[in-house]
Amino acid sequence: MAERIEELEPPALWRYFAEISKIPRCSKREGAAIDWLERVGREKGCATRRDPAGNLVIAVPATPGHEDAPTVVLQGHADMVCEKNADVAHDFSRDPIRPRIEGEWVKATGTTLGADNAIGVCAALAFLDTPEAVHGPLEILVTVDEETGLTGATNIAPGFITGKLLINLDSEEIGVFTVGCAGGRDSTITLRAPRETAAGLKTFRLSVSGLMGGHSGTDIHENRGNSIRILALLLQAALEEAGAADLRLGAFTGGSKRNAIPRESRAVVAVPPGGAAALRGAVERIGAQARAELSGIEGDWTIALEPLPGEGEPLASAADSRRLILLLNALPNGVQSMSVELRTLVETSNNVGVVEDAGDAWRVVCASRSSLAPAMESLIQRIRATARLAGAEVTHGDGYPGWTPDLRSPLLARAQEVYRRLYGRDPEVRAIHAGLECGLFTEKYPDLDLLSYGPDIKGAHSPDERVRIVTVEKMWEFTRALIEDLARARA
Ligand SMILES: [Zn+2]
């Protein structure tokens, strides 16, 4: 058994991986890695070019006799997430990653490994060292800053790649072809609500905490509790039981990131002394209902209603308070629609992710996702309509495009055929409800036919990141066969 990663199969790929692991390449600071990649390409006699965004192309000439084959773009990203365990002394701006073999895996030593996405990049480089591989013209496209904003893919120059077929090597499960991803767009709703202190009211803090949370895209189909929505639901029942004229909100905050399902939320609530029992009753009744709805999904989570001492809390008017409560209940939240072509794919969703308190206004931030552009547009319109009904202002971010699955893609058909020929069974075909660089490529290059796959990578973005050795060899073997198939199809 191999002791050093350079001895693993295929050696060309792993030798490059050992080399790139020595080069610091945290997102936005991957310049040295791009320089190194450019040098490698030139030493092998390939033309290279960069665009203003910092992306790199290494143009690999076809093997003799396959010059007329379609150009294939092999794509990965140069940057990595830099995370380490607290007890590890490691300076990501200087120190090399130290990959090591641990059973069937390659892992780093107390840090992220950067297999995401250096394995993909090195698989493309391995063609430079494999003269016996048969291929048409290749463009190895290496993007920058995938992990902290997709800015390399967003700003890729028009005309920078010439191939019409693109294989993205940044997926993380062997035997799965990814054929689509979601676009995203944020909305910020501002509800003006000046505050004043008021006498003669009973004041409480109502909070929801201990929910699971999760990624607002890839976990949204789990129907986990959203702390902002639960809080709003409790308050709406209280409005109806205690009387809308008599309930006033103070500070209201919930969630921390727009793209995370909010786990905790809290609000200051004031009612006349006679309304306290109705508030308690509503919280108990609706709380039990929410618990029943989330049983089997959430574990231990808490609703707390605690009296606050004194009367010093700044409060919004009853009318503004009611507008916020109704707004938060009416906004679309969670899964909005499933894909018809890929039945298990969430097509469109919204996450009411954050409520911030600005002192004289509440700001509600939503993260919307869809793999279908028109569906995103109508969701955004619904959010606007809801905000307007509540008398709030709404603005939207620019967003980024999705990649709509095309099950009739010729590249997918070739890849499925090659997979069947090699392994005697069908690959799994999937799309994801989160962003990928592929969506951004299709915006600049609408004629591009794309496919994404990769080896088994677990624990990505954490010091537990590891790549399953045997699946790296399998990915390489498959890529080589697919590239050869595409070269022969036209030669
Ligand atoms: Zn990646």
Side-chain angles (χ1 to χ4, degrees), residues 13 16-17 20-21 23-31 33-34 37 53-56 73-84 92 97 99 105-108 111-126 140-156 166-184 215-219 259 369 400-403 430-442 450-468 471-472 475-476 479:
L13 187 163
Y16 280 124
F17 185 77
I20 202 170
S21 296
I23 306 170
R25 53 184 211 285
C26 303
S27 300
K28 302 197 201 297
R29 294 191 297 276
E30 61 278 84
I34 292 282
L37 288 162
N55 302 309
L56 171 73
V73 183
L74 289 170
Q75 187 262 327
H77 59 85
D79 61 315
M80 65 178 276
V81 171
C82 293
E83 287 288 332
K84 66 181 190 76
F92 278 107
I97 303 293
W105 302 90
V106 168
K107 277 197 75 177
T111 69
T112 38
L113 173 63
D116 169 15
N117 185 212
I119 290 290
V121 170
C122 294
L125 291 182
I140 300 175
L141 169 63
V142 187
T143 50
V144 294
D145 193 29
E146 190 266 353
E147 303 284 5
T148 59
L150 298 162
T151 56
T154 303
N155 299 314
I156 186 172
L166 186 146
I167 299 171
N168 166 286
L169 297 165
D170 193 21
S171 285
E172 298 179 352
E173 193 178 335
I174 197 78
V176 176
F177 291 165
T178 302
V179 298
C181 74
H215 187 272
S216 75
T218 50
D219 295 324
N259 63 356
R369 297 177 193 270
Y400 55 90
W403 166 27
R430 241 191 247 169
I432 63 164
H433 194 56
L436 284 179
E437 290 179 300
C438 296
L440 295 152
F441 298 143
T442 59
L450 312 93
L451 181 67
S452 175
Y453 57 80
D456 281 351
I457 293 177
K458 300 283 182 205
H461 304 182
S462 81
D464 197 33
E465 181 185 358
R466 57 204 190 278
V467 58
R468 199 191 301 267
T471 66
V472 174
M475 176 191 70
W476 163 250
T479 304

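Note that ligands are numbered from 1 as they come in the structure, with each ligand's atoms numbered from 1 the same way. All values reported here derive from a predicted model rather than from experimental measurement.
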A.B. asks: Could you check whether Lys28 pairs with Asp145 (Lys NZ or Arg NE/NH1/NH2 to Asp/Glu carboxylate O, under 4.0 Å)?
C.D. replies: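 Answer for the salt bridge query: yes.
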A.B. asks: Would a 4.5 Å heavy-atom cut-off, applied to side chains only, mark Glu83 and Pro463 as touching?
C.D. replies: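 Counting from C-beta outward, Glu83 and Pro463 do come under 4.5 Å.
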A.B. asks: What's the atom name of the N, O or S in Asp116 nearest to the Zn ion (ligand 1)?
C.D. replies: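 Going by distance to the Zn ion (ligand 1), the closest N, O or S atom in Asp116 is OD1.
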A.B. asks: Output yes when Glu173 and Arg430 qualify as a salt bridge under the 4.0 Å nitrogen-oxygen rule, no when they do not.
C.D. replies: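 Judged by the 4.0 Å cut-off on N to carboxylate O distance, Glu173 and Arg430 do form a salt bridge.
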A.B. asks: Just wondering, is there an N, O or S atom on Glu172 that's nearer than 2.8 Å to the Zn ion (ligand 1)?
C.D. replies: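 Given the 2.8 Å cut-off, Glu172 does not count as a ligand of the Zn ion (ligand 1).
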A.B. asks: Rounded to the nearest 0.5 Å, how far does CG of Leu166 lie from CG of Leu141?
C.D. replies: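 Between atom CG of Leu141 and atom CG of Leu166 there are 6.5 Å.
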A.B. asks: Taking the Zn ion (ligand 1) as the vertex, how big is the angle to NE2 in His77 and OD1 in Asp170, rounded to 10°?
C.D. replies: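 It rounds to 100°.
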